[in-house]
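So you know, we letter chains A, B, ... as the sequences are listed, proteins then strands, and number each from 1. Being a predicted model, the structure only gives us computed values, none of them experimental.
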Protein chains: 4
Amino acid sequence: MSQPMLAAVTTADAIREQAALLFFERGYDATTLRQVAAAVGIKVSSLYNHIESKEQLLLSVMGGVMDDLLALQKVAVSQDVDVIDRLIAVLDCHIRFSASRAREVFIGNSELRSLPTDARAKVIAKRREYERRIQDLIVEAGREGKAVVLDARLHTYSIVAKGTHVASWYRPAGALSMDRIINIYAKAALRELSVNDADTRVDGWPAAA
Amino acid sequence: MSQPMLAAVTTADAIREQAALLFFERGYDATTLRQVAAAVGIKVSSLYNHIESKEQLLLSVMGGVMDDLLALQKVAVSQDVDVIDRLIAVLDCHIRFSASRAREVFIGNSELRSLPTDARAKVIAKRREYERRIQDLIVEAGREGKAVVLDARLHTYSIVAKGTHVASWYRPAGALSMDRIINIYAKAALRELSVNDADTRVDGWPAAA
Amino acid sequence: MSQPMLAAVTTADAIREQAALLFFERGYDATTLRQVAAAVGIKVSSLYNHIESKEQLLLSVMGGVMDDLLALQKVAVSQDVDVIDRLIAVLDCHIRFSASRAREVFIGNSELRSLPTDARAKVIAKRREYERRIQDLIVEAGREGKAVVLDARLHTYSIVAKGTHVASWYRPAGALSMDRIINIYAKAALRELSVNDADTRVDGWPAAA
Amino acid sequence: MSQPMLAAVTTADAIREQAALLFFERGYDATTLRQVAAAVGIKVSSLYNHIESKEQLLLSVMGGVMDDLLALQKVAVSQDVDVIDRLIAVLDCHIRFSASRAREVFIGNSELRSLPTDARAKVIAKRREYERRIQDLIVEAGREGKAVVLDARLHTYSIVAKGTHVASWYRPAGALSMDRIINIYAKAALRELSVNDADTRVDGWPAAA
DNA sequence: CATGAATGAGTCTTCATTCAT
DNA sequence: AATGAATGAAGACTCATTCAT
């Protein structure tokens, strides 16, 4: 009823879905379990047949995001192709993920501080690993003379920031198609690194795969 | 003690300062007026001799940020120089502000939704105006053939995102000096727009002023 | 596992057993039906196939205690022997019961107030009857010059109190054997009443039976 | 207002008083903070201006009881008189305290298990110390041939039990005066130990002091 | 019989806010 | 100005109980 497109099979799924929506819209602290329950169509106490606590609910919402993202990035990074092509793959992965799972990504960014200390630490570690891989690629490209690196870390931040930003406004029904967004941001990133034929590389990209 | 340079003269100032710190660290919802009072060294009820409400406190913390930012941007934009130089000035303004007033900027980004509807609307309008000016500059540069614009809005977002990101991690004592960060991000932005001699333009910039 | 000797045959029995254990350890109010269910190895809802309500469970745990005790006391009181011998029999009965069914006795003492009003009234009536019989014996002994009674009621309380106390600490595996405890407390009670040859009477007691 | 005799000066005192009353009547678990607040004549949330938590309230109610009791007992034990006189003094102290502060003593006995583990451990240690002193006196009396000891520990329990029991029913307005109760129970205790002239010793007791 | 799920009632606790002093 | 106390509103969570499967 409340999920026209994605009918949640389990009540537990429905709870996670609605919670994600509400956490995204109002923030974790400002979201009441009453609101979550109402959105699902059950009473607050019934919630506890499916979740352990509000904190656990947040965890399960943020849950796999970083793992999924790391897994996808791994694939992109591991391809046996040119650095630039791997970089493009990583960019594609980054923006596509940030857009297609915008809500979770956004929550993952904004509600880190609502997480219990140990869980937060784990997520932060994954985040660092994720950024490190991007940075490594940038350094490699620089070393091979295929990019003019100003500051590897800041270039990385610049890329990461694009994803964070996209996650805050992307809507499937928006004016810009996801592929177009990815295409432009990938070009922008390569340009920022002064990669030769940045635009062409991006447009001809999946070809090499 | 927590503000080495700017010792708050008024109690009201101290409150705003500590509130900013706490809102930044834990978020508006998760911050208690008790915590603010404790940080200032007074009791909760005494707070109300200086503030009207928690919401008003948030407003006064986020208060001038957008106004100040718009004012600074205005100066940058109004200079009677080359588009690219104006763009650089705007970039400098953007990153410098995002870094030097990181906490307020961060709160302004993350706690928009905690604002009462009308206040939120006003801030959003200012935000749009701010972004519009950047976008206009990009469009102008593109029209004059001094930049190869892929999508003016996305380029704008890319720039804005850098500031948002910087506001989340910049510390005065950090490894990177503010000027260096600005220098690199300005180059990155010009490169992203395929501006000729991007790096040189940035390095030689204030000269024209 | 928790009942080495008396393995509960019925699930209903197991429930009563575990409930008794938990009520004893944590009190009725502090005991959760979930805990009872867990102790039995079933789920909470399954409990209701065997009990009517938590209150009824308490009732059935406290259930027969007073009836059983009264019945045993009846036998002791009705013997056709010397008052002192009957008193000793009653003392034996009292302490033996308090020790051998310590948990139920303890619960019966401490959870009276958790009982619904009418049930509580019934138990209290039985209690009074029980104490009255002891008191009557004391009075009789006094009248016959076989005891020096200070205050029949207080002597009765003194005896009752010993049982209550024993019920709170007696463990079958403890240092003192049950028979020894009974022997000593019986002597103490007779001594308290200044019965002649108190110790000898107790030691030679079952002889007369 | 609600305490005709003992007008509590502080609100905090009133809370402790009413809490003691309610904990005594219905038990800690069955007592609601709402009830406590209502009894005091304030709202539940106001309670928290005076207490830290329900558990702390229990602690502060049970608070000094054992300390006070130990202090009084110390005085009785330390007198430079005959063992039997010291024993009588200790008995007087025990029963008098159990009666005059019946509610607190009762709560201290019945709600031990509601205490957090560490607090419970402390109270239990004090209890043991208290009982040990009684037992030492009994042993001493036995060694000096002034008492015929059956089992020092059980005699101690017998005495302790009388106090516990008294605390459960004593009312200042009751039929038996406190002094009479003390007198009888002291005699009963000495008789139980086969002390010579038990009754006379008790009746002539304070004389030696 | 056993159980997963639902739920109304109620628990302790926190918080922003007010007001008399 | 500062504060102790009071309070309405709300929040997360628990529990005994019911019912369909």
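Projected onto DNA chain F by closest heavy-atom contact, B:Lys43 and D:His50 fall at different nucleotides, the more 5' of which corresponds to B:Lys43.
Note: CG (A:Leu22) to P (F:dA12) measures 12 Å, nearest angstrom. The interatomic distance linking D:Asn49 (CG) with E:dT13 (P) rounds to 14 Å, in whole Å. One atom, CG of D:Leu57, and another, P of E:dC12, lie 11 Å apart when rounded to the nearest Å. Rounded to whole Å, the distance from CD on B:Gln35 to C1' on E:dC15 is 11 Å. As rounded to whole Å, 9 Å separates atom C1' of F:dA5 from atom CD1 of D:Ile42. In this structure, the CG atom of D:Leu47 is 11 Å from the P atom of F:dT7, given to the nearest Å.
Expressed to the nearest 0.5 Å, how far OG of D:Ser53 lies from CG of D:Leu59 amounts to 8.0 Å. In this structure, the separation between CG on C:Leu58 and CD1 on C:Ile51 is 11.0 Å, given to the nearest 0.5 Å.
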Open item on the list: Pairs counted only when both distances fall under 3.5 Å, Watson-Crick or G-U: show me the 5' to 3' dot-bracket for DNA chain E, [ ] for pseudoknotted crossings and | for other-strand partners.
Closed with: .||||||||||||||||||||
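The salt bridge (charged side-chain N to carboxylate O under 4.0 Å, His left out) test applied to A:Lys126 returns A:Asp67, not counting sequence neighbours. The side-chain hydrogen bond (donor to acceptor under 3.5 Å, both in side chains) search around D:Asn49 returns none, not counting sequence neighbours. Every residue meeting the side-chain hydrogen bond (donor to acceptor under 3.5 Å, both in side chains) condition with C:Thr10, not counting sequence neighbours, appears here in chain and number order: C:Asp13. A search for side chain to side chain contact (heavy atoms under 4.5 Å, CB included) contacts involving A:Ala30 returns A:Arg26, B:Asp29, not counting sequence neighbours.
Proximity of C:Ser46 to the phosphate of E:dT3: a side-chain N or O atom is located under 4.0 Å from OP1 or OP2.
The shortest distance between side-chain heavy atoms of D:Lys54 and D:Leu33 falls below 4.5 Å. With a 4.5 Å cut-off on side-chain heavy atoms, B:Asp68 and B:Arg101 count as touching.
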Task: Protein proximity profile, nucleotides 16-21 of chain F - base contact B, sugar-phosphate-only contact S, no contact -, cut-off 4.0 Å on heavy atoms - done: SBBB--
Only distances under 3.5 Å count here; give the side-chain donor-acceptor pairs of residues 105-114 of chain D to other protein atoms, sequence neighbours excluded, each with its distance to 0.1 Å.
| residue | atom | partner | partner atom | Å |
| --- | --- | --- | --- | --- |
| D:Asn109 | OD1 | D:Arg127 | NH2 | 2.3 |
| D:Asn109 | ND2 | D:Val105 | O | 3.3 |
| D:Ser110 | OG | D:Phe106 | O | 3.0 |
| D:Glu111 | OE1 | D:Ser114 | OG | 2.8 |
| D:Glu111 | OE2 | D:Tyr28 | N | 2.8 |
| D:Arg113 | NH1 | C:Phe24 | O | 3.3 |

